[in-house]
Amino acid sequence: MNQLLYSKLSSLFKVEPSLATSIGKIQLDKPMMLASGILGISLDVFNRLYRSGAGAVVTKSLSTEPWEGYPNPTIFSVKGGGWINAVGLSNPGATNFAKMIESNQTVPIVVSLVGSIPEDFEFMIKQFENCKVTAYELNLSCPHVAKVGLEVGDDPELVRKIVTTSKNSTDVPIIAKVGLGTTHYLNTVSTAIDSGIDAITAINTVRAMAIDVETQRPILSNKFGGLSGTPIKPIALRCVYEISSKYDIPIIGCGGVSTWEDAVEFFLAGASAIQLGSAIGDNWIDVFGEINNGILEYMKRKNYSSIKDMVGLAKKS
Amino acid sequence: MQRNHNHTTIVTIEKVIDETPTVRTLVFSDDLMSNVLPGQFAMVWIPGINELPMSVMISNEPGKAAFTVRKHGPASTGLFNIKEGQQIGIRGPYGNSFDLKKGKLLLVGGGTGLVPMMRLLSFVKPTDDVTVLIGAKSKDEVFFEDFANSMLEKNPHKVLVSTDDGSYGEKGFVTDLVEKLVNESHYDGVYVCGPEIMMYKTVQSAHSRGMFVQASLERMMKCGVGICGSCCVGEDLVCRDGTVFDGEHLSSNKEFGHFYRNKAGILEKY
């Protein structure tokens, strides 16, 4: 069918596209979410992001105790695109953070959690009992902090115990955020699904570094960090496609999305929602509204009424 | 090719000027930084030590820029101890700038908060009537007084100093002087940078009398580009929405003048 026919049909049926999406049991009005680690420590900022078009915000990864993170430099802008960060999971701790978002009734908040043992996650989920939480996202993939994140994600037995314990601690949906570590990420996904996970976020940043040639030193204080932004988009897209081809699990795509075309690619690969972070560094908060508008225009052009009409279409060919 | 302001550029320190026993100005060559607007800042990498947000200082020589630093914590002490010939990394400029009004202007600087005020002075018109207030703890810590006077040679102007211990200029806090001046006459623009309580009081004094006032805020900053979120004040991000905010806007911000966030992001009272 050609474009002219499409547009005639859509005017005939008056298809009004909706940006609403569901990730399993999680319902969102809009598919673009703030990724974890970005702008995530103030409820006022969450409200602002929501007004700007974010369907949900994921908090910074919270730990059982407050963490200061690494000294600066914690971020590096890569020539050719992308960022390498090693902020070091700085966060106010789950207990303090829960108090901060207790009054929230408006913003869909996904609470990201990071820990070393199942009991850490059980304790943290308990702190949010009085908060309106849309979902929890287990950080199994931060590539630059010892004993948590990727080091946990690389241990299938630990993943199994953490997911099982977390699922037993709450009725709120639980998402596992996976990344590229030493264990094949598809094995981590498989273990998480077997343990009852509700959805998968793929992927996290990719372990990387930068060295200054004049001073001949690694730039980041932690030496290693996580690469994000446009350079990792094709990798993240491949992972989403692979997961959706192999497993029947709702997926949130994450990695290098900065335009509506990027977002649509992730839908076509099998993602039901998308997280972004680095694009905010380049295009500031307006990026949510701009991408939403682009997706809507695309849906009108293609005569799709909902996001789910697009999800996984690339696998059909 | 135009430089991407997010990329780190290595510059060599060409001159170190002792301003006070604890304050130094480091001069370097960089066209981009020599042209920044007042209120803008750079992220300054001290190799092997840390990275700090710094207001960019003017230099009288074309193509030169400078940072004025007070030694305080490990990072600022690291920058303070940089010698001529050593290299630092810079990225930026970041942030917005002051909206400079015409007419009768009041500039208030506390400590190294004077830096953006000096930068602002290089943009005033010869017809502007400018009063500069310098706040310091003691006589030893007063700097840029002569510099301010020389910058304002062609203007009707006053440069007034207050010291907490009264060892030089007026005794007391610089905000007492602000209160007195804004009570006595109307200013077309009031500009302030320094410790937050000082800025809060200055904003209150001027805004409550209907004067246009702007403050350049300082917060814990990690990325400088609006990603890490460390520098949020209410729903504002100092690095992207500021550093300069209007008194009108600040008067409705629940955190300004009352709370700051520590390195873990926990709100703490001033």
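For the numbers below, each heavy atom of this structure counts, side chains included, while hydrogens, waters and symmetry mates do not. Below, read A as the first sequence line, B as the second, and so on, with proteins coming before strands; counting in each chain starts at 1.
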Distance-only polar pair, side chains of B:T68 and B:E19, donor-acceptor under 3.5 Å: no
Which portion of A:F46 sits near chain B, non-hydrogen atoms under 4.5 angstrom: neither
Heavy-atom contacts under 4.5 Å, residues 23-45 of chain B to chain A: B:M43, B:W45
Any donor-acceptor N/O pair, A:K132 side chain to A:N104 backbone, under 3.5 Å: no
Structural part of B:C223 lying under 4.5 Å from a heavy atom of chain A: both
Crowding at CD, B:E218 (>12 non-hydrogen neighbours, <6.0 Å): no
Toward chain B, the part of A:V78 with a non-hydrogen atom under 4.5 Å: backbone
Residues A:D120 and A:K147 bridged, charged N to O under 4.0 Å: no
Option that, when pairs with chain A are counted at under 4.5 Å, heavy atom only, ranks first among B:S230, B:G89, B:C232: B:C232
With sequence neighbours excluded, residues passing salt bridge (charged side-chain N to carboxylate O under 4.0 Å, His left out) with A:K233: A:D262, A:E265
Interface residues of residues 261-270 of chain B facing chain A - heavy atom cut-off under 4.5 Å: B:R261, B:K263, B:A264, B:G265, B:I266
Test of ring centre spacing under 6.0 Å for B:H258 and B:Y200: yes
Exam field: side chain B:K83 to backbone B:N81, donor-acceptor pair closer than 3.5 Å: yes
Residues, nucleotides or ligands: over 12 heavy atoms within 6.0 Å of B:N4 CG: yes
B:I227 versus chain A, the contacting section by heavy-atom distance below 4.5 Å: both
Residue part contacting chain B, namely of A:L89, when any heavy atom lies under 4.5 Å: neither
Per-residue contacts, residues 95-103 of chain A versus chain B, heavy atoms under 4.5 Å: A:N96, A:M100
B:L52 side chain reached by B:F67 side chain, heavy atoms, under 4.5 Å: no
Chain B contact via A:W67 - which portion, at a heavy-atom distance below 4.5 Å: backbone
Max heavy-atom pair count under 4.5 Å with chain B, selected residue of A:L39, A:L43, A:I38: A:L39
Any donor-acceptor pair under 3.5 Å from B:N96 side chain to B:D241 backbone: yes
Modelled atom types, side-chain donor and acceptor of A:N47 and A:T106, under 3.5 Å: no
Polar side chain donor-acceptor pair, A:S141 to A:N204, under 3.5 angstrom: yes
Residue, of A:V87, A:I280, A:D212, that accumulates the most heavy atom pairs under 4.5 Å with chain B: A:D212
Under 4.5 Å from a heavy atom of chain B, the part of A:S221 involved: neither
Portion of B:I46 that has a non-hydrogen atom of chain A nearer than 4.5 angstrom: neither
Within 6.0 angstrom of A:E65 CD, more than 12 heavy atoms from elsewhere: no
Check: B:V238 main-chain N/O paired with B:D236 side-chain donor or acceptor under 3.5 Å: no
Whether A:H144 and A:Y70 hold their rings parallel, tilted or perpendicular, with breakpoints at 30° and 60°: tilted
Side-chain donor-acceptor contact under 3.5 Å, B:R3 with B:T9: yes
Carboxylate-amine/guanidinium contact B:R219 B:E255, below 4.0 Å: no
Side chains of A:S61 and A:K177, donor plus acceptor under 3.5 Å: no
